[in-house]
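Written out below as structure tokens is the structure these notes cover.
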Amino acid sequence: MDSFVEQLKRGTEEEFTEESAWDGSVVNTTSSSLPAIYLPLLPRYLRHPTTRGRKATEFQETKKACLNYIQDALLQHQWQRAAEFMTNYLETLENTSAEKRMAAPEVIWRIGTEILCHHSKSSIEEFNYFAERMKNLGVKRYLKVCLEHVFHLLCNGLIDDAYQNLSLAEGWRYGEQTAAQDKELKLIQAYKGLLDYYNWDKKRKAMLELDGNFADSVEQEMHSFFRQAAVNLKEIIKIPGVWDPFVKCYVDLLEFYEDYDEVRQVLSEYAYNSKFPPNPNAHVYYYQFLKRQGESKKTLMSVLKILHEIVPSHELMLEYNAMLQKSKKRKNHRLGLEIIFTLLDFAGWKEHVKAWSCLAKQIKQILENSSKHLDWVTEEWNSRKDWWPAFHFSHYLAKRNWQENESLACEKALVAGILLGKDCKYFKYVSHQGCKAKKEKFRTMKKFVKKHSSTHLRASGVLDSCTPL
Amino acid sequence: MEFPGSLFPAFCSAGPPRDPPGPGPAPLAGWGGYGHVQGPGPSQPQERFIPLHSKKGESWAPAEACAVPFLPPNASCRVPTLTPHDILYVGHIQRKHQVGKTGGAALDFTGQLAHFFLDHPEEAFGAMGRLLQENFYLGEARLRSKARENAISVKTLVQELGRREGRRHCPQARPSPRLRWFSCLSRDWLFEVPLGPLAECIHEELALQWAKLLFDDASTGGALAWLPTEDLAPAPRGCLVHPGGEAMNLLCFQEVALEQVGGALQPRAHGRPAQFELSGRIRQVAAAQVAGEALVGVRSDHHCGAWRLRAGAAPVPLQVIRTDAPASCLTVSPHLPGELSVCTLSGAVYLWNVETGLQRLRQDPETAFFREASPWRWSEFTAHPRVLSCADRTGLQCLDVRAPASRQFDLFKVGGEAECQRGERVMLPMYLGRAHPCQHLVATQFSVYVLDERFPLVPVLRWEHMLEAPPVFAHLTPGRSQETSHKVLLGAHRTQELLLLQYSGGSHSACQLAGPPRRLHPISQGLQHLPPQVTPWQDLLHQRLTAPAAGVTAAPAGQGPLEPLLVFQLSDAGDLFYQTLLHEPPAESESSAAPTSPPSLPAPAAASQPSPAWGASLGSGSEESVRLPGTVSEGTAEAGQAAAPEEARPSVGPTAPSPAAAARYRCWLKALIRDWSRLPEQSQPQAPPTISHQRLFTHGELSQPAGDGLYRQARQLLRRTMRERGCLAPWALGPPPTPPAMPHPVEPGAWPDDLSKRLTASWAGGWGEWWEEKLGVTRAHKLHALRDRRRRLKQARSRRSLSGSFTSSITYQSDLSDFSACSQPPSEPPGQAREEQQPPAPVCRQDLSPPRAGRGDLPPAPGQFWPASPLASSSQRSAQEAWGSQDTQDSSQLLSSQTLSSRGIPKERRKTLRDYLAICTQPCPEPPAELPASQASSLGSQHWGPSSQSQRSTASQPRRKRPRMGF
């Protein structure tokens, strides 16, 4: 078997090059000797089991083996061992195969960075030295390496060094840029803007502390930082993407200078432009800005309404619900009920006391207000009655909730009692336990449930169809 | 359930996947980068920036050197897994046109046909054979005239066939004309099934098998599940659900307790497993625990079943469904008891409630986002119990069970939003609900993505996993608290790879990769630690341990956040293995990793050698075990050498496994061999050919009395091993050989001779200095040099003026140095070689420009690297210092004969040159460092005039330079 594999492994070099031209996205259905999925790392002897062709040179084989050793050491977190192999792997920069020679700098950069990040004896100076060398190992990678170098400096708290590197990289030009390089340059500018913002923030704090004379010069510096930051941040925010940190900083800058129209425009663009991905944070930022501005409830609610459509499980929905409850329109009350029901559909809200107490309060209100809007509850309940009992009101959950969070159990029991009747297991268990503990609120709750569940919901046909657990 | 207040920045462009620079991802693309960073928010106090791919995280490491068997081997499994050897044709195929060049696999369907004809002649030729029986004469004698009317003699034909059978594997064998003639004549009518269609069918089937061998998605999801029991006293317990039996059709529920045995965590099976025999091979076992009870879903090709498991009770089968198209997925709802989702290869997605039955949500043979031939479908539950995610190879969509047609949204798409690459396909989606209710994991053959349902299409985390084979198994161990990370195990099918990833965040903070990933031991790692066995056993062992993986799961040993983690692995042969993962405190991790690393590069072959100490103990164990009847003979002793090395993945072999693990392996091996020898004869693999020792030795040699002790001992041992039909291991001759100790460091003072001194000097980097000193110190040499110097001073003067005339032009000089720069390999950037202590390629560079004082740009001469490369462990800093000190010695070093010869200067002229240079360097000291490079170089060039001239005569110099020399 092994000799067989050996024989197969002598794949042809010529065919490898052809292979690289093979389009991976085209699924080859006619030639069934290939797998249906493009598997680039499939051993070549499996893809080209022919005995023709010449062997790879010993140099290639050694370097391949060396790379495997490095990868193995990295995956087992043996950084010293990887570093030792690395010294031997560097020869691959002289690889005779053009394709491998082109790929070599990136591989070396990646492995070297990883080793230097983890090696116990590496220092930031060494890292800087390595990064500087790597930057010059190919024009195509310059910006990428710069950016990653800056990230490393930032993560180690060397913000000034990072700023210097960003300024250098920002001015870098080489021929025509590829799309990827364009993006990297944009990112470099954006991160520089971010650091400018932090500098600005520092100056602002300093200015607040200083008195008149010095404040002027500080203010001058602050303004110059503002200009630099604003230009760069504004630039990146225009491009479709996720720019939460940048947007936050830009908004903070503008708000300081009271350019509220620009903020409004930027945030609404970030939230509502269809080219941007549906980022919930964009809506949150816009909402928070409007709230800070003291906008009307109506405007705020319209923002939250859109957020509700995108992310019905967002935590701002509780706030939205509270707003709707406060409004005078009956339609909004209805919507509020719907929102709180939807919120509790999600597994993440299952044990949220506030959400449950909201629901309990609202149902209670409806029942107490002469049950005029009982059909709202009925309607919401109808779409959930086949799975809410098992999802929320099982006997197991009653036990667990009672043990872990009594108030949650209490709120849920109230809802369960009203929706499922006083015979439901959840209500029975909790009220029994509550009465045993001799707590007043359970007695009132029991009374309330007994009063309402039997008369109102049964009358409206809610409980007839549901099976008591 | 909060949404992170600020996500990491990312570009996001809708559209098709971006073009990769080459086919597939860049190698090792998962290392190195931080991805993105984000700083503290506007109102927060100054903190550090946090990266997307954090380099710091919990450090977990396997406690053993290999995965250890958990249960006895699956006794009844005897069907070997398919190998390329079985279905591929090896050898030259004459192709007129290179049609199938992209898919170069040549399937050996003719071989399969031949097997069929030989094994089942009645089915292949029955009817025609009976018809022709009267007309074919098989006898030896000649046919009489009367009989010749209706019968022909096929004696010669049969003889030729027999002869041909004997030369079956001879590449030069050509069919005789008679056979060709007969085959042409009979091809159309001889076969029961027409040959063409039969061959086509066989080829089709082989192609199918081949595609499956390359990538098989049937076992996606894995057939292993761990269900912890809630009560933890005295030891954490649980139930391991796994398939077993002859065809992996036996569903086993094994009660397991995780016990501390001698400081190590060990799983211990309690009682007999509850077993259910199913009618098909179990492909996937899915399980979830809802409301205090566990639901186990089992998928085989056309049947899916559900079992309920309550603590302290036997598992109860609930329901079985049958699907027309093979099922490709079965998942159990983590929200509602008794709910499962099923997908079939016909593109249908069902919600299966064990009480109410099946509800079809979708039936669409087309893929969701773009056309893709694979019929594979998958479905998972989401944060909303009424919303299911449906996946095909192109992406994930979520659909509402209450209105499946109208309410749906896209969760993930192979495209620009997720920065996918061309050819990337979804391999395995998984709902990460236990870590965060809104998170999903999507694994492709290149990367893993973590998605948040609340922000669809744009992954919150993306990382290239660098696995060889696409991951088809995944297991999540959620972090217990905010601080601890969630651990994801990714497993591959064919290569048995297993990777541990950690990530954190999702609600308060954005998702982050926590620390570098870690590879866990594949099952086949055990092979390296086992002693060599006799060939059939070795083959069996190899076959069992390298069988593809079939599932992976993990069990935390306790409630604490950093309790050990037990990882169970299942192989396709039905064998169960486990390994323990221990948390390493951060400070210790480096120091504990360092000693295990060998100081020098281990040869790949050495890595596959079994560790002697353990090998011996295992070897003695297997000697006691059941002997194999009649399969092993004397001749095979040498064949049972070391286990076949896994070339693709070099192993590290931290250390040998602990004695407890070794004992477990020994028992397992014993049981494996015992079970195997009990199998009926025909199902055992073919025994290797045996030869009698009488063919190797003459009778006289055998009866000769053995000479001295060692020979006699060896012979006795050989005889005993042959009698026992065992394997003669090399170390059986004596005590296990100790690994060669590190040689003592050489004491230079102890070696006073010239050569040793020179070697010492060159090792330390002072070769040139030593040489100079040697030249200077020897009095005779000195005198000789002096005489020579005087004699040549006159000649030199005239030459110097000459050389001065043609190198005085600065432009020429710069041209020269340009030329020398061009002659360097283009990809080598200036200074790169220095920084990394790289020994340069041994090319003889036509270094025309003379050495300059400020050698900033020029890579050092070959000799310079010697001090650095053998002592590779010395730090970069020291190497740099070494280089720095070397700079001053350059000119003297050039005098060494080796350097000169490398410069193409003939032997007889070296002496002259050396002496001449000695003159030049002595009167005028080396150019001061303050001199600008151009000046220094021009200065140097004056001294070097003759040498460059002499070079020009030997090494063909471009002639176009001449006119610019001023002549």
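In what follows, every chain begins at residue 1, and chains take the letters A, B, ... in the order their sequences are listed.
Without hydrogens or angle criteria, A:R110 side chain to B:A29 main chain gives a donor-acceptor distance under 3.5 Å. Under a 3.5 Å cut-off, the side chain of A:N281 and the backbone N or O of B:P4 do form a donor-acceptor pair.
Legend: residues meeting side-chain contact (heavy atoms from CB on, under 4.5 Å) with A:K399, ordered by chain and number and at least two apart, are A:H395, A:Y429. With sequence neighbours left out, the side-chain contact (heavy atoms from CB on, under 4.5 Å) criterion links A:C117 to A:T113, A:F127, A:H152, B:Y34, B:K55.
Looking at A:I70, neither its backbone nor its side chain comes within 4.5 Å of chain B, counting heavy atoms on both sides. Both the backbone and the side chain of A:F151 come within contact range of chain B, judged by heavy atoms closer than 4.5 Å. Heavy atoms closer than 4.5 Å to chain B are found in the side chain of A:L195, but not in its backbone. Proximity to chain B (any heavy atom under 4.5 Å) is shown, for A:K121, by neither the backbone nor the side chain. Looking at A:Y285, only its side chain comes within 4.5 Å of chain B, counting heavy atoms on both sides.
Contact count against chain B (heavy-atom pairs under 4.5 Å) is highest for A:L187 among A:I115, A:I111, A:L187. With respect to chain B, the highest number of heavy-atom pairs below 4.5 Å among A:N156, A:L397, A:L194, A:I310 belongs to A:N156. Counting heavy-atom pairs under 4.5 Å between each of A:V311, A:V107, A:L154, A:V145 and chain B puts A:L154 at the top.
In this pair, A:H314 and B:F3 present their aromatic rings tilted. The plane angle is within the 30 to 60° band.
Less than 6.0 angstrom separates the ring centroid of A:Y198 from the ring centroid of B:F49. For A:W243 and B:F8, the ring centers are positioned 6.0 Å apart or more.
At a threshold of 4.5 Å between non-hydrogen side-chain atoms, the residues A:C155 and B:V37 count as touching. Residues B:R454 and A:F346 form no side-chain contact, since every pair of their non-hydrogen atoms from C-beta on lies 4.5 Å or further apart. Using a 4.5 Å cut-off on side-chain heavy atoms (C-beta onward), B:F455 and A:P278 make contact. Between A:Y191 and B:P9, the closest side-chain pair of non-hydrogen atoms falls below 4.5 Å. At a threshold of 4.5 Å between non-hydrogen side-chain atoms, the residues A:W387 and B:E339 do not count as touching.
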